[in-house]
> 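Sharing a structure with you now.
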Protein chains: 2
Amino acid sequence: MMKLVEIIDGIRPVDPGWIQKARERTTQLVMPTRALGRLHEISERLCGIQQTLEPRIKKKAILVMAADHGVVTEGVSAYPQEVTPAMVQTFLAGGAGINAISRQVGADVWVVDVGIIPRLDVSNIPGADRLIVEKVGHGTANFTRGPAMSRQDAEKALQIGFEQATRLIEDGADLLGTGDMGIGNTTPSAAIGAILCGASLDAIVGRGTGIDEAGLARKRDIVRQGIEANTPNPEDGLDVLAKVGGFEIGGIAGTILAGAYHRRALVVDGFISTAGALIARALCPNVSDYVFAGHCSAEAGHRIMLKHLGLAPILDLGMRLGEGTGAALAMGVIEGAVRMFKEVLTFKEAGVANK
Amino acid sequence: MMKLVEIIDGIRPVDPGWIQKARERTTQLVMPTRALGRLHEISERLCGIQQTLEPRIKKKAILVMAADHGVVTEGVSAYPQEVTPAMVQTFLAGGAGINAISRQVGADVWVVDVGIIPRLDVSNIPGADRLIVEKVGHGTANFTRGPAMSRQDAEKALQIGFEQATRLIEDGADLLGTGDMGIGNTTPSAAIGAILCGASLDAIVGRGTGIDEAGLARKRDIVRQGIEANTPNPEDGLDVLAKVGGFEIGGIAGTILAGAYHRRALVVDGFISTAGALIARALCPNVSDYVFAGHCSAEAGHRIMLKHLGLAPILDLGMRLGEGTGAALAMGVIEGAVRMFKEVLTFKEAGVANK
């Protein structure tokens with residue numbers, strides 16, 4: 001496995017020269033100046049990432065990171081922990097939201113068990129070959145009483161994400177979406193947001209899958225306890241991940257590092273994925289150049305995270321499912337932007353008078 | 001041709017009973033309650049429109065209405081009028097934005113010449129069979145000096161839109177997008193918005209394809225002149241269309257009437273298409289039940305129009321190209337919503353514990 005320091009050392013910012021060349025190409029398309037708004041920005045950034053004026057989206061993949069959370073014993077989630085493995089099985093069977101939307105946009109769905117509690121028997125599920133089992137542990141520890149994981153395990157989670165994303169990239173994926181599954185995971189994500197965005201707990205802690213008012217107050221208190229018990233260092237992304245994060249959040253951060261390392265565009269999903277992006281950016285600020293925010297979640301704190309990352313969401317539809325659904329849906333828009341860039345004729349080719 | 005009064009008489013509101021049944025189905029899907037936000041509303045409304053719990057999007061079509069505008073002689077557009085036929089030829093050749101995005105979402109593009117000035121020779125263009133020539137006239141009259149068209153011609157434009165959309169529906173289209181081409185057509189659209197939304201000219205008149213500050217002031221003055229010279233009756237959609245509208249705007253309004261009449265969902269594009277939707281709704285308030293707003297345009301007044309229609313845009317990406325591009329791009333999201341509704345397993349089917 002590649003060491004984290006080597007990965008970070010290999011990540012370069014996107015070359016603004018290619019973006020500039022792409023902007024010049026855009027001015028020639030047979031339409032009023034920058035009439036496609038943000039679609040132009042998307043296609044031009046993709047040109048920058050891929051260092052080409054013919055950006056490719058041939059193979060799309062969603063990498064869903066799944067893990068469990070010790071903090072669930074504090075009663076922070078509306079659903080029982082057994083739902084994590086049950087949903088992983090649903091992903092493999094093709095019956096979840098991420099499967100439906102991925103079929104539409106033509107993305108492959110891969111699931112990585114980075115640390116769910118049970119050892120899953122998936123031998124009789126047809127899609128079992130889409131599950132990679134690389135457990136860092138059997139769920140994290142309860143972060144109100146100490147770190148969620150060791151620093152070594154945090155690095156391992158990042159490396160697993162990096163390695164699995166690298167495998168997909170080497171297999172031809174040129175657009176990667178991040179996804180998550182893990183009952184309780186809005187709690188560590190909110191903690192990460194509080195630390196890395198400097199956000200108040202009132203603003204960053206939300207209802208997740210649907211806790212009530214009393215549950216929300218308890219969840220805020222649990223996040224506060226976790227931060228106070230561990231005093232994570234906001235200057236050290238690995239420390240934040242280890243102390244209040246989750247294995248799947250580490251896996252997502254590793255996925256993002258891999259995209260940036262291999263110069264592939266990443267579409268980040270909602271609250272949990274963006275917590276992963278915050279970790280990745282704390283480790284290596286250059287990663288932001290490679291990240292598209294698929295959507296803005298209905299989870300209260302997501303907008304704060306996106307703002308902190310300087311990312312404008314592509315979609316804003318009040319979704320809050322996770323799994324990678326917002327990332328997958330946004331892939332359709334990104335592909336549309338690329339098609340416009342590549343397929344629309346120039347004024348000259350179309351024989352149309354420019355103003 | 002069916003008379004306008006018969007068309008309007010045949011349009012029924014969407015049955016809320018089907019929407020309610022669809023909402024009940026949504027609660028069973030293996031995800032937190034209404035975790036897909038607006039995607040649920042989209043799929044449930046589609047169930048209501050189609051009166052089914054298995055909504056279909058098998059065949060999508062974009063109907064681009066093209067026409068010219070007499071008011072262009074007043075210098076309201078950044079582009080010369082010759083661009084209208086040139087862009088129609090580009091649509092047929094498959095080289096415009098609407099073609100690129102329609103290829104992605106799998107929509108057929110049809111172009112109706114409802115009244116462009118020249119008689120086009122498209123005999124040597126491969127896609128010429130996608131052009132329907134049904135000219136109401138060779139461009140409208142300059143509405144600063146009298147009505148843009150006669151009341152009879154306004155009805156004819158509506159009927160052509162209705163007839164062409166009906167043809168596509170009879171040919172299997174179950175999701176129709178509206179599109180437009182016509183140099184100068186943000187000017188009549190702004191006039192329609194001013195009259196039917198009661199919006200100020202400062203708010204509703206925008207830069208269209210890109211006029212400068214002086215041009216914008218002139219355009220506002222032209223719209224004001226058009227309204228003062230014609231005093232359209234805001235209670236009478238046909239009067240508004242005739243006095244300050246355009247042939248393609250009438251064709252779009254007719255398209256919308258056809259969707260509502262035949263119970264098919266319509267995706268409305270930007271500023272010009274929404275002006276058409278305003279006309280359609282002025283003629284028959286029930287049409288709103290069948291209309292989805294594909295996106296919010298960067299054209300200043302579009303948000304006002306959408307608010308007036310009570311429609312929340314699916315996308316908000318700063319696009320302002322027209323042609324139907326925003327409608328086509330939104331079709332991908334609508335299809336995603338439908339797939340989620342139909343393909344996601346229930347809690348029971350997936351064997352996942354609900355809360």
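In what follows, chains are A, B, ... by sequence order, proteins preceding strands, each numbered from 1.
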> What option among B:Pro32, B:Gly94, B:Gly322 has the most heavy-atom pairs under 4.5 Å with chain A?
B:Pro32

> Ignoring hydrogens and geometry, is there a side-chain-to-backbone donor-acceptor pair from A:Lys342 to A:Pro55 under 3.5 Å?
yes

> Counting only non-hydrogen atoms closer than 4.5 Å, does B:Thr325 touch chain A with its backbone (N, CA, C, O), its side chain (CB onward), both, or neither?
side chain

> Quick one: what part of B:Ala93 sits under 4.5 Å from any heavy atom of chain A, side chain, backbone, both or neither?
neither

> Indicate yes or no for a side-chain donor-acceptor contact from B:Arg218 to the backbone of B:Gly75 under 3.5 Å, with no hydrogens or angles considered.
yes

> Between A:Thr90 and chain B, with a heavy-atom cut-off of 4.5 Å, which part of the residue counts as in contact: side chain, backbone, both or neither?
side chain

> What distance do A:Met340 atom CE and B:Ile101 atom CD1 have between them, rounded to the nearest 0.5 Å?
4.0 Å

> Between B:Leu315 and chain A, which part of the residue has a heavy atom less than 4.5 Å away: side chain, backbone, both or neither?
side chain

> Name the option with the most non-hydrogen atom pairs under 4.5 Å to chain B; the candidates are A:Ala86, A:Ala350, A:Gly351.
A:Ala86

> So which residue, A:Ala337, A:Gly95, A:Gly318, ends up with the most heavy-atom pairs under 4.5 Å with chain B?
A:Gly95

> Mind checking whether B:Phe271 and B:His302 have parallel, tilted or perpendicular rings, split at 30° and 60°?
perpendicular

> Within 45 degrees of the axis of the six-membered ring of B:Phe292 and under 6.0 Å from its centre: does B:Arg45 put its NZ or CZ there?
yes

> Going by distance alone, is a donor N or O of one side chain under 3.5 Å from an acceptor N or O of the other, for B:Asn99 and A:Glu343?
no

> With a 3.5 Å cut-off and no angle check, do the side chains of A:Thr186 and A:Lys219 form a donor-acceptor pair?
yes

> Return the option, out of A:Met31, A:Glu335, A:Glu82, with the maximum number of heavy-atom pairs under 4.5 Å with chain B.
A:Glu335

> Measure B:Phe341 against the heavy atoms of chain A and call it side chain, backbone, both or neither at under 4.5 Å.
neither

> Please classify the contact of B:Leu317 with chain A as side chain, backbone, both or neither, using a heavy-atom distance under 4.5 Å.
both

